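Worksheet for the structure shown next.
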Amino acid sequence: MAALTLAPGLVYYPDYLDQQAQQSLLDDIRDIVRQAPLFTPSMPKTGKPFSVRMSNCGPLGWVSDVQGYRYQPDHPVTHNPWPPMPARLLAAWRELSGFAADPDACLINYYASDARMGLHQDKDEAEFSAPIVSLSFGATALFRYGLTEDKPSPTKSVRLRSGDAIVFGGPFRLVYHGIDRLFPGTSTLVPSDGRINLTLRKVTAVA
DNA sequence: CAGTCTCG
DNA sequence: CCGG
């Protein structure tokens, strides 16, 4: 498994999942989304909708609405508990995270071809010693990162392709990151040049 | 708290 | 493309 360290704590694994593994995980995600439909998050205060649509699996899920950002155990629309995390997702976390405890949340981000995600930090978790593990499916995306406390601007970019994994922890656990754009015609795995990103998180404090 | 927004 |  080839690992490229882009910065201390920021590790990129090109082609982490082969075609077979991507398809199997995507089948898992399809089942999850049938039970926990994609919802459209909105910004706190302003209520401006995100272009990315979301769902979750695992004990906790990340949501955002006028009330704020938070993790909660139920779907914001159906109010059902999030579906369990598939075994093969847990396996990926165990292989990539180097963290003893299993994740308690997996955010499912669905990008239509014109969806974007502005620069942000993942900081709604209580356990910053655990890394964020990200898996990409479908269209290639321009991932931009930078601006940590240790190492301020400027930002850099890397293209995330279907099957790639990226892990950020340690000094880059709170790195600012976002998706500037998708590249059409780069994959047929997700219909209509779309992209799905899975991010695994340890939300609750372990100690 | 809210810049995971939009806009120049 | 880039920003924080």
Side-chain angles (χ1 to χ4, degrees), chain A residues 6-7 9-10 12 29 33 36-58 60-72 74-77 82 103-128 130-161 164-169 171-186 190 193-203:
Chain A
L6 303 179
L10 215 208
Y12 171 48
I29 296 307
V33 168
L38 295 168
F39 62 92
T40 300
S42 53
M43 287 300 293
K45 292 293 192 196
T46 65
K48 285 181 181 172
F50 289 29
S51 60
V52 174
R53 291 158 71 220
M54 299 181 172
S55 187
N56 290 272
C57 61
L60 293 172
W62 189 85
V63 301
S64 178
D65 57 24
V66 282
Q67 314 270 20
Y69 302 152
R70 64 194 177 275
Y71 284 94
Q72 62 181 44
D74 61 311
H75 190 285
V77 178
W82 302 107
D104 36 33
C106 175
L107 176 59
I108 300 166
N109 287 141
Y110 168 71
Y111 294 76
S113 60
D114 60 347
R116 307 280 179 269
M117 179 83 79
L119 274 188
H120 67 280
Q121 295 173 294
D122 290 4
K123 59 176 181 185
D124 301 316
E125 303 75 27
E127 189 52 76
F128 290 146
I132 302 291
V133 171
S134 158
L135 302 172
S136 294
F137 303 82
T140 299
L142 189 61
F143 177 83
R144 190 150 57 91
Y145 64 92
L147 313 160
T148 56
E149 273 190 39
D150 282 12
K151 193 172 186 256
S153 42
T155 55
K156 293 182 178 180
S157 291
V158 62
R159 282 179 194 222
L160 297 181
R161 297 184 306 142
D164 292 352
I166 195 157
V167 178
F168 40 104
F172 266 64
R173 171 58 182 78
L174 292 175
V175 66
Y176 279 86
H177 59 284
I179 295 294
D180 280 343
R181 58 164 301 197
L182 303 190
F183 296 93
T186 48
V190 176
D193 288 321
R195 172 176 187 261
I196 289 173
N197 180 67
L198 307 179
T199 50
L200 296 155
R201 297 106 184 265
K202 182 75 189 83
V203 177

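Residue numbers begin at 1 in each chain, while the letters A, B, ... track the order of the sequences. Note that the structure is predicted; figures quoted are calculated from it, not measured.
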### Task
Give each stem of DNA chain B as a range with a range, requiring at least 3 consecutive Watson-Crick or G-U wobble pairs whose two distances are under 3.5 Å.
none
Could you work out which one of [options] sits closest to the side chain of [X]?
| X | options | result |
| --- | --- | --- |
| P44(A) | dG3(C), dC1(C), dA2(B) | dA2(B) |
| F50(A) | dA2(B), dC2(C), dC5(B) | dC5(B) |
| T155(A) | dC2(C), dA2(B), dC1(C) | dC2(C) |

### Query
Hey, is the side chain of S157(A) poking within less than 4.0 Å of OP1 or OP2 on dC2(C), counting only N and O atoms?
yes
### Message
Is R144(A) close enough to dG3(C) that one of its side-chain N or O atoms is under 4.0 Å from OP1 or OP2 there?
### Response
yes
#### Entry: Heavy-atom pair of closest approach, residues S42(A) and V66(A)
OG-N, 4.1 Å
Taking atom [atom2] of [N] as reference, at what distance in whole Å does atom [atom1] of [X] sit?
| X | N | atom1 | atom2 | value |
| --- | --- | --- | --- | --- |
| K123(A) | dC1(B) | NZ | C1' | 8 Å |
| R116(A) | dG3(C) | CZ | P | 17 Å |
| K48(A) | dC5(B) | NZ | P | 10 Å |
| H120(A) | dT6(B) | NE2 | P | 14 Å |
| D114(A) | dT6(B) | CG | C1' | 15 Å |
| R181(A) | dC2(C) | CZ | P | 12 Å |
| H177(A) | dG3(C) | NE2 | P | 15 Å |
| D124(A) | dC1(B) | CG | P | 14 Å |

### Query
Which class fits the ring pair W82(A) and F39(A): parallel under 30°, tilted 30 to 60°, perpendicular over 60°?
tilted
### Query
Between Q67(A) and V52(A), who's closer to the 5' end of DNA chain B by nearest nucleotide?
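Mapping each residue to its closest nucleotide by heavy atoms, the 5'-most match is Q67(A).
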### Main-chain N/O of V33(A) paired with S55(A) side-chain donor or acceptor, under 3.5 Å
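A pair under 3.5 Å: no.
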When the side chains of residues 106-117 of chain A are checked against the rest of the protein, which donor-acceptor pairs come out under 3.5 Å, sequence neighbours left out?
residue: R116(A); atom: NE; partner: D180(A); partner atom: O; Å: 2.9
residue: R116(A); atom: NH1; partner: D114(A); partner atom: O; Å: 3.1

### Message
Here's a test of your reading of the structure: between L142(A) and Y176(A), which maps to the more 5' nucleotide of DNA chain C?
### Response
L142(A)
### Query
Out of curiosity, L6(A) CG to Y145(A) OH, how far, rounded to the nearest 0.5 Å?
4.5 Å
### Message
What contact category does M117(A) fall into here, base, sugar-phosphate, or nothing, at under 4.0 angstrom with non-hydrogen atoms?
### Response
base
### Query
How about D124(A) and Y71(A): do any of their side-chain heavy atoms sit closer than 4.5 Å?
yes
### Query
With side chains defined as the heavy atoms from C-beta onward, is the minimum distance between R144(A) and S157(A) less than 4.5 Å?
yes
